[in-house]
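Here is the structure we will look at.
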Amino acid sequence: MTLVYEDLYNNIIAENAEKHSKLRIITGYSSGNFVNRVLSDFPNLSIEMYVGMALQGVSQRDHDLYRKISDNGMGEIYYVDRLPMVHQKILEFYDGQEARNIGFVGSANFSYSGFMKQREVMASIDEPLNDLFGLVRKQSGLCLSNTLRNIPFMNSYETFKLFKSSGTELNDIRDLDESEGEYSFRHILAADPEYKVIESDERYTDFLESFKKYEQRKSLMNGAQKDNPSGRASSYCGFLIKVLVNYKHYFKELPTDLRDSDVAERMEILMEFSSFKEVNKEKKHFYSAAINAYKDYLQYVQNL
(Lines give C-alpha, C1' and ligand atoms only; values in the text may rest on other atoms or scores of the structure.)
Protein backbone atom coordinates (compact mmCIF):
# COMPACT_ATOMS: atom_id res chain seq x y z
CA MET A 1 0.00 0.00 0.00
CA THR A 2 1.24 3.48 -0.91
CA LEU A 3 -0.20 6.69 0.47
CA VAL A 4 -0.68 9.61 -1.92
CA TYR A 5 -1.33 12.96 -0.28
CA GLU A 6 0.33 15.49 -2.58
CA ASP A 7 -0.67 16.60 -6.09
CA LEU A 8 -3.34 13.90 -6.40
CA TYR A 9 -4.30 14.84 -9.93
CA ASN A 10 -0.85 14.17 -11.34
CA ASN A 11 0.25 11.43 -8.97
CA ILE A 12 -2.92 9.36 -9.35
CA ILE A 13 -4.89 10.32 -12.45
CA ALA A 14 -2.13 11.44 -14.81
CA GLU A 15 0.23 8.73 -13.60
CA ASN A 16 -2.25 5.92 -14.38
CA ALA A 17 -4.49 7.24 -17.17
CA GLU A 18 -1.81 6.72 -19.81
CA LYS A 19 -1.23 3.13 -18.66
CA HIS A 20 -4.86 2.00 -18.65
CA SER A 21 -7.82 2.39 -20.95
CA LYS A 22 -10.60 2.45 -18.33
CA LEU A 23 -11.31 4.13 -15.02
CA ARG A 24 -14.22 3.36 -12.75
CA ILE A 25 -15.09 5.56 -9.81
CA ILE A 26 -17.29 5.60 -6.74
CA THR A 27 -17.47 9.10 -5.31
CA GLY A 28 -19.72 10.91 -2.88
CA TYR A 29 -19.72 14.06 -4.97
CA SER A 30 -18.32 15.22 -8.28
CA SER A 31 -18.69 17.92 -10.92
CA GLY A 32 -19.31 17.62 -14.64
CA ASN A 33 -16.52 19.99 -15.46
CA PHE A 34 -13.95 17.94 -13.56
CA VAL A 35 -15.00 14.80 -15.44
CA ASN A 36 -14.69 16.75 -18.69
CA ARG A 37 -11.24 17.96 -17.64
CA VAL A 38 -10.06 14.38 -17.13
CA LEU A 39 -11.54 13.24 -20.44
CA SER A 40 -9.97 16.21 -22.23
CA ASP A 41 -6.54 15.53 -20.72
CA PHE A 42 -6.79 11.78 -21.42
CA PRO A 43 -9.04 11.26 -24.48
CA ASN A 44 -8.32 7.53 -24.68
CA LEU A 45 -9.64 6.94 -21.16
CA SER A 46 -13.19 5.65 -20.67
CA ILE A 47 -14.89 6.58 -17.39
CA GLU A 48 -17.58 4.75 -15.41
CA MET A 49 -18.63 6.82 -12.41
CA TYR A 50 -21.15 6.37 -9.58
CA VAL A 51 -22.25 9.52 -7.73
CA GLY A 52 -23.01 8.09 -4.31
CA MET A 53 -24.67 11.09 -2.64
CA ALA A 54 -26.89 12.05 -5.59
CA LEU A 55 -30.03 11.74 -3.47
CA GLN A 56 -28.93 14.99 -1.80
CA GLY A 57 -29.21 16.70 -5.19
CA VAL A 58 -27.35 17.15 -8.47
CA SER A 59 -27.05 20.50 -10.18
CA GLN A 60 -28.88 20.70 -13.49
CA ARG A 61 -25.69 21.97 -15.07
CA ASP A 62 -23.76 18.89 -13.93
CA HIS A 63 -26.62 16.59 -14.94
CA ASP A 64 -26.60 18.02 -18.47
CA LEU A 65 -22.84 17.52 -18.69
CA TYR A 66 -23.10 13.95 -17.39
CA ARG A 67 -25.81 13.15 -19.94
CA LYS A 68 -23.69 14.57 -22.75
CA ILE A 69 -20.67 12.53 -21.66
CA SER A 70 -22.76 9.34 -21.49
CA ASP A 71 -24.69 10.04 -24.69
CA ASN A 72 -21.47 10.66 -26.64
CA GLY A 73 -19.96 7.36 -25.50
CA MET A 74 -17.17 9.07 -23.56
CA GLY A 75 -18.21 7.34 -20.37
CA GLU A 76 -21.14 6.25 -18.22
CA ILE A 77 -22.30 8.31 -15.26
CA TYR A 78 -24.63 6.67 -12.72
CA TYR A 79 -26.53 8.10 -9.76
CA VAL A 80 -27.12 6.12 -6.58
CA ASP A 81 -30.90 6.58 -6.42
CA ARG A 82 -31.78 4.12 -3.65
CA LEU A 83 -30.82 4.14 0.00
CA PRO A 84 -28.37 3.82 1.58
CA MET A 85 -26.38 6.66 0.06
CA VAL A 86 -22.74 5.89 -0.67
CA HIS A 87 -19.97 8.12 0.68
CA GLN A 88 -17.06 5.97 -0.49
CA LYS A 89 -14.22 7.34 -2.61
CA ILE A 90 -12.80 4.59 -4.79
CA LEU A 91 -10.93 4.62 -8.10
CA GLU A 92 -9.81 1.66 -10.17
CA PHE A 93 -7.77 1.87 -13.36
CA TYR A 94 -8.02 -1.23 -15.53
CA ASP A 95 -7.94 -2.44 -19.12
CA GLY A 96 -9.03 -6.07 -19.13
CA GLN A 97 -5.81 -7.46 -17.75
CA GLU A 98 -6.61 -7.96 -14.08
CA ALA A 99 -2.99 -8.28 -13.09
CA ARG A 100 -2.44 -4.68 -14.15
CA ASN A 101 -5.41 -3.22 -12.27
CA ILE A 102 -4.64 -0.59 -9.65
CA GLY A 103 -7.12 0.77 -7.14
CA PHE A 104 -7.18 3.75 -4.78
CA VAL A 105 -9.33 4.38 -1.71
CA GLY A 106 -9.32 7.37 0.59
CA SER A 107 -10.90 10.76 1.23
CA ALA A 108 -10.88 12.53 -2.16
CA ASN A 109 -14.10 13.08 -4.08
CA PHE A 110 -13.75 12.98 -7.84
CA SER A 111 -13.80 16.76 -8.20
CA TYR A 112 -11.57 19.80 -8.46
CA SER A 113 -11.83 20.21 -4.71
CA GLY A 114 -10.92 16.61 -4.03
CA PHE A 115 -8.01 16.26 -6.44
CA MET A 116 -6.63 19.76 -6.81
CA LYS A 117 -7.63 22.08 -3.98
CA GLN A 118 -8.25 20.40 -0.64
CA ARG A 119 -5.83 18.36 1.41
CA GLU A 120 -6.84 14.73 0.86
CA VAL A 121 -5.21 11.32 1.05
CA MET A 122 -5.63 8.23 -1.11
CA ALA A 123 -4.04 4.80 -0.68
CA SER A 124 -3.21 2.41 -3.51
CA ILE A 125 -4.51 -1.13 -3.05
CA ASP A 126 -4.16 -4.45 -4.86
CA GLU A 127 -7.37 -6.09 -3.62
CA PRO A 128 -10.14 -6.81 -6.18
CA LEU A 129 -12.87 -4.18 -6.18
CA ASN A 130 -15.51 -6.00 -8.23
CA ASP A 131 -17.76 -6.64 -5.21
CA LEU A 132 -17.87 -2.96 -4.22
CA PHE A 133 -18.68 -1.82 -7.74
CA GLY A 134 -21.24 -4.61 -8.08
CA LEU A 135 -23.04 -3.47 -4.92
CA VAL A 136 -23.19 0.18 -5.92
CA ARG A 137 -24.37 -0.66 -9.43
CA LYS A 138 -27.38 -2.54 -8.04
CA GLN A 139 -28.69 0.64 -6.43
CA SER A 140 -27.84 3.05 -9.26
CA GLY A 141 -29.42 4.37 -12.42
CA LEU A 142 -27.70 5.67 -15.55
CA CYS A 143 -27.97 9.44 -15.85
CA LEU A 144 -29.64 8.99 -19.25
CA SER A 145 -32.50 7.04 -17.70
CA ASN A 146 -35.96 8.56 -17.55
CA THR A 147 -36.83 6.53 -14.46
CA LEU A 148 -34.33 7.85 -11.95
CA ARG A 149 -35.76 7.72 -8.45
CA ASN A 150 -35.87 10.75 -6.18
CA ILE A 151 -32.90 12.65 -7.61
CA PRO A 152 -33.49 16.41 -7.20
CA PHE A 153 -31.96 18.39 -10.06
CA MET A 154 -31.21 21.96 -9.05
CA ASN A 155 -29.97 25.06 -10.76
CA SER A 156 -26.53 26.13 -9.61
CA TYR A 157 -27.71 28.87 -7.26
CA GLU A 158 -30.05 26.48 -5.45
CA THR A 159 -27.10 24.11 -5.13
CA PHE A 160 -24.94 26.89 -3.73
CA LYS A 161 -27.62 27.76 -1.15
CA LEU A 162 -27.75 24.10 -0.11
CA PHE A 163 -23.97 24.12 0.23
CA LYS A 164 -24.10 27.24 2.38
CA SER A 165 -26.96 26.11 4.59
CA SER A 166 -26.01 22.50 5.25
CA GLY A 167 -22.26 22.45 4.79
CA THR A 168 -22.48 19.60 2.29
CA GLU A 169 -19.63 19.09 -0.15
CA LEU A 170 -22.17 18.74 -2.95
CA ASN A 171 -21.00 20.85 -5.86
CA ASP A 172 -18.55 22.86 -3.85
CA ILE A 173 -18.87 26.41 -5.16
CA ARG A 174 -15.43 26.24 -6.72
CA ASP A 175 -16.53 23.27 -8.78
CA LEU A 176 -19.74 25.11 -9.59
CA ASP A 177 -17.84 28.09 -10.87
CA GLU A 178 -15.41 26.04 -12.91
CA SER A 179 -18.13 23.82 -14.33
CA GLU A 180 -19.40 26.87 -16.20
CA GLY A 181 -15.96 28.08 -17.14
CA GLU A 182 -13.85 30.67 -15.39
CA TYR A 183 -15.73 33.95 -15.41
CA SER A 184 -13.53 36.95 -16.18
CA PHE A 185 -14.33 39.45 -13.45
CA ARG A 186 -13.37 42.90 -14.69
CA HIS A 187 -12.78 46.31 -13.23
CA ILE A 188 -15.58 48.71 -14.11
CA LEU A 189 -15.08 52.43 -14.64
CA ALA A 190 -17.57 54.93 -13.25
CA ALA A 191 -17.99 56.24 -16.80
CA ASP A 192 -19.10 52.81 -18.04
CA PRO A 193 -22.67 52.99 -19.41
CA GLU A 194 -23.66 49.89 -17.41
CA TYR A 195 -22.40 51.57 -14.24
CA LYS A 196 -24.52 54.63 -15.01
CA VAL A 197 -27.63 52.52 -15.59
CA ILE A 198 -27.31 50.77 -12.21
CA GLU A 199 -26.39 53.99 -10.42
CA SER A 200 -29.64 55.60 -11.61
CA ASP A 201 -31.84 52.51 -11.21
CA GLU A 202 -34.77 53.54 -9.00
CA ARG A 203 -34.79 50.11 -7.35
CA TYR A 204 -31.41 50.85 -5.78
CA THR A 205 -31.19 54.61 -5.17
CA ASP A 206 -32.76 54.64 -1.69
CA PHE A 207 -30.77 51.61 -0.56
CA LEU A 208 -27.46 53.00 -1.84
CA GLU A 209 -28.09 56.36 -0.18
CA SER A 210 -28.86 54.66 3.15
CA PHE A 211 -25.82 52.43 2.76
CA LYS A 212 -23.66 55.48 2.11
CA LYS A 213 -24.94 57.30 5.22
CA TYR A 214 -24.35 54.17 7.30
CA GLU A 215 -20.73 54.04 6.14
CA GLN A 216 -20.30 57.75 6.84
CA ARG A 217 -21.45 57.22 10.43
CA LYS A 218 -19.07 54.28 10.82
CA SER A 219 -16.18 56.39 9.55
CA LEU A 220 -16.92 59.11 12.09
CA MET A 221 -17.36 56.63 14.92
CA ASN A 222 -14.04 55.00 14.05
CA GLY A 223 -12.31 58.38 14.05
CA ALA A 224 -11.27 58.00 10.43
CA GLN A 225 -11.56 60.62 7.71
CA LYS A 226 -13.01 63.29 10.03
CA ASP A 227 -12.52 65.96 7.40
CA ASN A 228 -14.13 63.85 4.69
CA PRO A 229 -16.31 61.11 6.21
CA SER A 230 -18.06 60.54 2.90
CA GLY A 231 -14.86 59.52 1.11
CA ARG A 232 -14.81 55.87 2.06
CA ALA A 233 -18.61 55.67 1.96
CA SER A 234 -18.70 57.00 -1.60
CA SER A 235 -15.97 54.58 -2.64
CA TYR A 236 -17.82 51.60 -1.19
CA CYS A 237 -21.02 52.62 -2.97
CA GLY A 238 -19.15 52.99 -6.23
CA PHE A 239 -17.41 49.64 -5.93
CA LEU A 240 -20.66 47.95 -4.96
CA ILE A 241 -22.18 49.21 -8.22
CA LYS A 242 -19.13 47.85 -10.07
CA VAL A 243 -19.72 44.48 -8.44
CA LEU A 244 -23.34 44.62 -9.61
CA VAL A 245 -22.20 45.11 -13.22
CA ASN A 246 -20.23 41.86 -12.97
CA TYR A 247 -23.15 40.28 -11.10
CA LYS A 248 -25.39 41.03 -14.08
CA HIS A 249 -22.94 39.48 -16.55
CA TYR A 250 -22.44 36.29 -14.56
CA PHE A 251 -25.97 35.64 -13.29
CA LYS A 252 -27.69 37.09 -16.39
CA GLU A 253 -29.85 39.32 -14.23
CA LEU A 254 -29.76 42.12 -11.68
CA PRO A 255 -31.19 41.70 -8.18
CA THR A 256 -34.69 42.97 -7.56
CA ASP A 257 -33.95 44.10 -4.01
CA LEU A 258 -30.50 44.76 -2.55
CA ARG A 259 -31.90 44.06 0.94
CA ASP A 260 -32.22 40.39 0.01
CA SER A 261 -29.43 38.40 1.72
CA ASP A 262 -29.38 36.03 -1.25
CA VAL A 263 -27.72 38.82 -3.24
CA ALA A 264 -24.80 38.80 -0.81
CA GLU A 265 -24.51 35.04 -1.14
CA ARG A 266 -24.32 35.37 -4.90
CA MET A 267 -21.61 37.98 -4.54
CA GLU A 268 -19.63 35.45 -2.53
CA ILE A 269 -19.65 33.24 -5.62
CA LEU A 270 -18.03 36.04 -7.61
CA MET A 271 -15.38 36.40 -4.92
CA GLU A 272 -14.25 32.82 -5.54
CA PHE A 273 -13.04 33.53 -9.08
CA SER A 274 -9.31 33.95 -9.57
CA SER A 275 -10.03 36.94 -11.82
CA PHE A 276 -11.89 38.62 -8.95
CA LYS A 277 -8.91 38.08 -6.67
CA GLU A 278 -6.54 39.56 -9.25
CA VAL A 279 -8.69 42.63 -9.91
CA ASN A 280 -9.36 43.05 -6.20
CA LYS A 281 -5.64 43.04 -5.45
CA GLU A 282 -4.95 45.57 -8.21
CA LYS A 283 -7.62 47.86 -6.75
CA LYS A 284 -6.24 47.62 -3.22
CA HIS A 285 -9.01 45.23 -2.10
CA PHE A 286 -11.78 47.80 -2.51
CA TYR A 287 -14.03 45.22 -4.20
CA SER A 288 -13.94 42.80 -1.28
CA ALA A 289 -14.14 45.67 1.20
CA ALA A 290 -17.28 46.97 -0.51
CA ILE A 291 -18.92 43.53 -0.48
CA ASN A 292 -18.04 43.03 3.19
CA ALA A 293 -19.37 46.49 4.04
CA TYR A 294 -22.57 45.66 2.15
CA LYS A 295 -22.97 42.42 4.12
CA ASP A 296 -22.33 44.29 7.35
CA TYR A 297 -25.03 46.82 6.44
CA LEU A 298 -27.50 44.04 5.64
CA GLN A 299 -26.88 42.59 9.09
CA TYR A 300 -27.44 46.02 10.63
CA VAL A 301 -30.73 46.47 8.76
CA GLN A 302 -31.95 43.01 9.76
CA ASN A 303 -31.28 43.78 13.43
CA LEU A 304 -33.26 47.02 13.43
Side-chain angles (χ1 to χ4, degrees), residues 1-42 45-59 62 65-66 69 75-80 83-95 97-140 143 159 163 166-176 178-179:
M1 181 180 73
T2 301
L3 291 180
V4 183
Y5 50 87
E6 292 182 343
D7 195 5
L8 268 60
Y9 189 84
N10 285 315
N11 288 328
I12 292 179
I13 296 177
E15 176 69 22
N16 292 284
E18 299 287 358
K19 302 175 183 177
H20 302 85
S21 59
K22 298 178 181 179
L23 168 62
R24 56 182 179 176
I25 306 137
I26 301 173
T27 182
Y29 311 97
S30 186
S31 74
N33 191 59
F34 184 72
V35 177
N36 271 336
R37 162 72 183 268
V38 174
L39 290 170
S40 176
D41 287 349
F42 309 102
L45 188 67
S46 176
I47 284 179
E48 176 186 332
M49 184 174 78
Y50 299 86
V51 183
M53 303 296 287
L55 285 170
Q56 285 190 345
V58 175
S59 78
D62 281 340
L65 288 169
Y66 293 150
I69 290 166
E76 293 182 345
I77 313 298
Y78 295 85
Y79 301 137
V80 172
L83 293 173
M85 291 187 282
V86 179
H87 199 254
Q88 299 163 343
K89 290 89 171 179
I90 302 170
L91 280 72
E92 185 179 38
F93 294 88
Y94 66 105
D95 53 9
Q97 300 179 39
E98 191 167 338
R100 296 184 58 209
N101 292 6
I102 182 168
F104 294 88
V105 300
S107 67
N109 284 305
F110 198 71
S111 66
Y112 274 100
S113 299
F115 273 79
M116 302 179 77
K117 294 180 176 178
Q118 296 172 173
R119 181 174 294 175
E120 307 284 358
V121 62
M122 299 291 281
S124 63
I125 58 171
D126 298 324
E127 287 82 355
L129 296 170
N130 288 334
D131 289 348
L132 287 173
F133 281 97
L135 284 172
V136 76
R137 183 150 192 167
K138 288 179 180 178
Q139 60 180 110
S140 302
C143 67
T159 306
F163 172 87
S166 66
T168 178
E169 298 171 69
L170 171 62
N171 290 307
D172 174 85
I173 56 177
R174 288 162 294 187
D175 280 287
L176 274 175
E178 292 175 273
S179 67

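Not measured: the values here are computed from a predicted model.
- Heavy atoms only, all atoms of each residue included: Ala108 and Gly114 are closest at CB-O, 3.5 Å.
- When all heavy atoms are compared, the tightest approach of Asp95 to Ser21 is CB-OG, 3.2 Å.
- Side chain of Gln139 to main chain of Pro84: a donor-acceptor pair is present (N/O by atom type, distance under 3.5 Å, no hydrogens or angles).
- Among Ile90, Asn16, Ile13, Leu8, the single residue meeting the side chain to side chain contact (heavy atoms under 4.5 Å, CB included) criterion with Phe104 is Asn16.
- Salt-bridge annotation for Arg119 and Glu6: absent, with no side-chain N of the basic residue lying under 4.0 Å from a carboxylate O of the acidic one.
- When every heavy atom of Ser107 is checked against every heavy atom of Glu120, the shortest pair comes out as OG-OE1, 2.5 Å.
- In terms of heavy-atom proximity, Ala123 sits nearest to Leu3 at CB-CD2, 3.7 Å.
- Side-chain contact between Phe110 and Tyr29 is absent, with no heavy-atom pair separated by less than 4.5 Å.
- Closest heavy-atom contact between Val80 and Leu55: O-CG, 3.7 Å.
- Taken to the nearest 0.5 Å, the CG atom of Leu132 stands 10.5 Å off from the CD atom of Glu127.
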- [ ] Could you walk me through whether Ile77 and Met49 pass side chain to side chain contact (heavy atoms under 4.5 Å, CB included), step by step?
- [x] CA-CA 5 Å; Ile77 313 298; Met49 184 174 78; 3.9 Å; yes

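- At distances below 3.5 Å, not a single donor-acceptor pair connects side-chain atoms of Thr27 with backbone N or O atoms of Val51.
- Between the side chain of Lys89 and the backbone N or O of His87 there is at least one donor-acceptor pair closer than 3.5 Å.
- For the residue pair Leu91 and Leu129, the shortest heavy atom distance occurs at O-CD1, 4.1 Å.
- At a threshold of 4.5 Å between non-hydrogen side-chain atoms, the residues Arg137 and Glu48 count as touching.
- The side-chain tip of Arg37 does not point at the ring of Phe42 from less than 6.0 angstrom away and within 45° of straight on.
- Side-chain rings of Tyr50 and Tyr78 approach one another, their centers coming within less than 6.0 Å.
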- [ ] Before giving the answer on side chain to side chain contact (heavy atoms under 4.5 Å, CB included), spell out for Ile12 and Met122 the whole-Å C-alpha distance, their side-chain angles and the decisive distance to 0.1 Å.
- [x] CA-CA 9 Å; Ile12 292 179; Met122 299 291 281; 3.6 Å; yes

Open item on the list: Does Ile47 form a side chain to side chain contact (heavy atoms under 4.5 Å, CB included) with Val35? I'd like the steps, not just the answer.
Closed with: CA-CA 8 Å; Ile47 284 179; Val35 177; 4.3 Å; yes

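- Here the side chain of Ser40 pairs no donor or acceptor atom with the backbone of Asn36 at under 3.5 angstrom.
- Asn101 places no side-chain N or O within 3.5 Å of a backbone atom of Tyr94 that could act as its donor or acceptor partner.
- Looking only at distances, no side-chain donor or acceptor of Thr2 sits under 3.5 Å from a matching main-chain atom of Ser124.
- Using modelled atom types, no side-chain atom of Ser46 and backbone atom of Gly75 make a donor-acceptor pair closer than 3.5 Å.
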Open item on the list: Run the side chain to side chain contact (heavy atoms under 4.5 Å, CB included) test on Val38 and Phe115 for me, step by step, so that the C-alpha distance in whole Å, both residues' side-chain angles and the decisive distance to 0.1 Å come before the verdict.
Closed with: CA-CA 11 Å; Val38 174; Phe115 273 79; over 6 Å; no

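- Inspection of the Ser31 and Asp62 side chains reveals no N or O donor paired with an N or O acceptor under 3.5 Å.
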